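Some notes on the structure that comes next.
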Amino acid sequence: VQLVESGGGLVQAGGSLRLSCAASGFTFDDYVIGWFRQAPGKEREGVSCISNSDGSTYYADSVKGRFTISSDNAKNTVYLEMNSLIPEDTAVYYCAADPLPVWDTNWYRIHIYDYWGQGTQVTVSS
């Protein structure tokens, strides 16, 4: 099983980035893929997730209206389009895979995700 994030970088406040999470080694269509982030000195937090089986999506309140998650099942890749970036979005962003259904009360819980990528750094300058 492998999850590989890409697309991070340095961007000015107000800018945009698109992160990609390329998955392999498991049945992509059956999994929930989540995006998490961890800023220095802070706990890892859920950003968004998408269910590849039914297309349902969830977002943290801090990114609603600015971030959009999508999935290309043909490419086994999940994207996180990030717009109107602010310095508080600076973090290492990780994608993770969960084999079970999620709901609005648990999608952000780290322990339900079985597989994790290595992360990609996003830095937003003011």
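Keep in mind that this is a model prediction, so the values were computed, not measured. No hydrogens, no waters, no symmetry mates; every other heavy atom, side chains included, goes into these values.
Contact between Gly117 and Tyr94 at its shortest, heavy atoms only, is O-CD2, 3.6 Å. Across every non-hydrogen atom of Ser16 and Ser84, the tightest pair is OG-N, 4.4 Å. Nearest heavy atoms, Val102 versus Cys49: CG2-SG, 4.0 Å. Taking every heavy atom of both residues into account, Cys95 and Glu5 meet most closely at N-OE2, 2.9 Å. What you find for Pro87 and Ser126 is that their closest heavy atoms are CG-CB, 3.9 Å. Between Ala91 and Ala39 the shortest heavy-atom distance is CB-N, 3.8 Å.
The cluster map of Ile, Leu, Val, Met, Phe, Trp and Tyr, joined by side-chain heavy atoms under 4.5 Å apart, puts Val92 and Phe67 in different clusters. In this structure, Val124 is a member of the same hydrophobic cluster as Val47, with clusters built from ILVMFWY side-chain heavy atoms closer than 4.5 Å. Under the 4.5 Å side-chain heavy-atom criterion for ILVMFWY residues, no single connected hydrophobic cluster contains both Trp107 and Val63. Linking Ile, Leu, Val, Met, Phe, Trp and Tyr whenever their side-chain heavy atoms come within less than 4.5 Å puts Tyr93 and Tyr115 in one cluster. Cluster annotation: Ile110 is connected to Tyr58 through the hydrophobic network of ILVMFWY side chains, with a link wherever side-chain heavy atoms come within less than 4.5 Å.
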- Go through Ile69 and Val78 one step at a time and tell me if the side chain to side chain contact (heavy atoms under 4.5 Å, CB included) criterion holds. CA-CA 7 Å; Ile69 193 169; Val78 170; 3.8 Å; yes
- Query: Could you go step by step and tell me if Leu17 and Leu85 meet the side chain to side chain contact (heavy atoms under 4.5 Å, CB included) rule?
  - Reply: CA-CA 8 Å; Leu17 283 173; Leu85 285 162; 4.2 Å; yes
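When side chains are defined from C-beta on, Asp114 counts as touching Pro99, because their heavy atoms get closer than 4.5 Å. Within the 4.5 Å cutoff, side-chain heavy atoms of Asp89 are placed close to those of Arg66. Contact check for Leu100 versus Ile112: no side-chain heavy atoms found under the 4.5 Å cut-off. Residues Gln38 and Glu43 have side chains not in contact (no heavy-atom distance under 4.5 Å, counting atoms from C-beta outward).
Atoms OG and CD, from Ser48 and Glu81 in turn, are 12.5 Å apart once rounded to the nearest 0.5 Å. To the nearest 0.5 Å, atom OG1 of residue Thr68 and atom CG of residue Leu80 are 8.0 Å apart. One distance of note links NZ of Lys42 with CD of Glu88; it measures 7.5 Å at 0.5 Å rounding. Separating the CD1 atom in Ile50 from the OG atom in Ser71 is a distance of 5.0 Å, to the nearest 0.5 Å. The CG atom of Asp98 lies 9.5 Å from the NE2 atom of His111; values are rounded to the nearest 0.5 Å.
Panel note: side chain Tyr108, backbone Thr105; a donor-acceptor pair is recorded below 3.5 Å. Of the possible donor and acceptor atoms, one in the side chain of Thr120 sits under 3.5 Å from a partner among the backbone N and O of Gly8. Although no hydrogens or angles enter the test, the distance criterion places no donor-acceptor pair under 3.5 Å between the side chain of Gln12 and the main chain of Ser125.
Asp72 and Thr77 share no side-chain donor-acceptor pair at under 3.5 Å. Side-chain contact of Tyr79 with Arg18: a donor-acceptor pair under 3.5 Å is absent, judged by distance alone.
Open room surrounds CD on Gln118; 12 or fewer heavy atoms of other groups in view lie less than 6.0 Å from it.
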Would you mind writing out the side-chain donor-acceptor pairs for residues 25-36 within the sub-3.5 Å range, not counting sequence neighbours?
unit_1	atom_1	unit_2	atom_2	d
Asp29	OD1	Asn73	ND2	3.0

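Applying the under-4.5 Å side-chain rule to Ile, Leu, Val, Met, Phe, Trp and Tyr, the cluster around Ile86 consists of that residue alone.
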